[in-house]
Amino acid sequence: MSTLLTVTDLQASYGHAQALFGVSFEVKAGEVVTLLGRNGMGRSTIIKCLFGLLPVKAGSIAFSGKSIHNFPSHSIARLGLGLVPEGRQIFPTLSVEENLIATARVRCNTKDSLEKWTLDRVYSFFPRLKERRSNQGWQLSGGEQQMLAIGRALMTNPQLLVLDEATEGLAPLIRAEIWDVLSTLKNEGLSQIVIDKNVGALLKFADRHYVMEKGKVVWNGSSSALRAEANIIHQYLGV
Ligand SMILES: Nc1ncnc2c1ncn2[C@@H]1O[C@H](COP(=O)(O)OP(=O)(O)OP(=O)(O)O)[C@@H](O)[C@H]1O
Ligand SMILES: [Mg+2]
């Protein structure tokens, strides 16, 4: 498996407050990797650095062998990183369809065989979005908004999909629907970084995990290795 993303010794700060203290991890092509940890441990901060939303103070980020740290966000999206951000952040006064079209783009790097995402294909994954296509963002339920956030990221034709708390605050049935969609995408070979509080679901679905504490990675390993580490799960994840 080739390596898609390599993050090395990443450091970042909010003003004088340092949030990341040398984080390293990698994602191989086709892998689903998680960033785990309690609240405030630095997971969203890593995502902000990946997408050019927070300056990288030290360290490096390479995507498909190309250094991307401190690139502007739009260049990063064009290279094939798709973000489903914390809090969904859909456009409330645009319709479902306008939200989807707003970010649609053909990636620069199309050498892999992933089918291009179209409105029809997003609607076939999320029939509810098709029914709601003319409704404005603010009129949607939380689950529908989350589906829209995922659909919108897929419309950028990502090679790596990054989901920050995509099941947060959703009813169990909707959550299950989201996990099903992400599993289907995994089976199609789409690489993913997933941040989520549902460790049980992640243990079933993801390949490898990075456990964070206070801006550092304190453990990493496969799902089967993490399942065997009850003390890690208890100490760093509190479950
Ligand atoms: N905009 C900001 N300004 C200042 N400090 C911030 C900001 N965003 C996050 N922090 C701080 O950076 C640290 C890491 O936060 P981060 O948002 O990365 O955590 P997280 O692991 O995503 O957790 P969660 O999403 O569960 O809160 C925390 O101490 C947090 O208080
Ligand atoms: Mg977060």
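Indexing begins at 1, ligand by ligand and atom by atom, following the structure's order. Computed from a predicted structure; not experimentally measured.
The pair Arg227-Glu229 does not count as a salt bridge, with every side-chain nitrogen at least 4.0 angstrom from each carboxylate oxygen. The existence of a salt bridge linking Lys130 and Asp120 is excluded, since no basic side-chain nitrogen approaches an acidic carboxylate oxygen closer than 4.0 Å.
Partner of Leu50 under the side chain to side chain contact (heavy atoms under 4.5 Å, CB included) criterion, out of Thr45, Val7, Leu83: Val7 alone.
The closest non-hydrogen atom to atom 23 (O) of ligand 1, taken over Ala19, Gly15, Gly40, comes from Gly40. Of the candidates Thr45, Leu20, Ile195, the one placing a heavy atom closest to atom 16 (P) of ligand 1 is Thr45.
The protein atom (non-hydrogen) at minimum distance from atom 12 (O) of ligand 1 is Tyr14 CE1, 3.4 Å.
Rounded to 10°, the angle formed at the Mg ion (ligand 2) by OG of Ser44 and OE2 of Glu86 is 100°.
At least one heavy atom of Gly42 sits less than 4.0 Å from an atom of ligand 1.
The part of Lys48 lying near ligand 1 is the side chain, judged by heavy-atom distances below 4.0 Å.
The backbone N or O of Val32 sits less than 3.5 Å from a side-chain atom of Asp207, completing a donor-acceptor pair. Side chain of Ser223 to main chain of Ala206: a donor-acceptor pair is present (N/O by atom type, distance under 3.5 Å, no hydrogens or angles).
There is no protein heavy atom closer than 4.0 angstrom to atom 31 (O) of ligand 1. Protein heavy atoms are found inside the 4.0 Å sphere centred on atom 2 (C) of ligand 1.
For Lys204, the NZ atom is loosely surrounded, since the number of other residues' heavy atoms within 6.0 Å does not exceed 12.
The contact set between ligand 1 and Ser44, taken as ligand atoms under 4.0 Å from a residue heavy atom, comprises 17 (O), 18 (O), 20 (P), 22 (O), 25 (O). Heavy-atom contacts of Met41 reach the following atoms of ligand 1: 19 (O), 20 (P), 21 (O) (cutoff under 4.0 Å). Taking a cut-off of under 4.0 Å to the non-hydrogen atoms of Glu86, the atoms of ligand 1 that pass are 25 (O).
For Tyr236 and Trp219, the distance between ring centers is not under 6.0 angstrom.
Seen from the ring of Phe91, Arg152 counts as a face-on cation partner, given the 6.0 Å and 45° thresholds.
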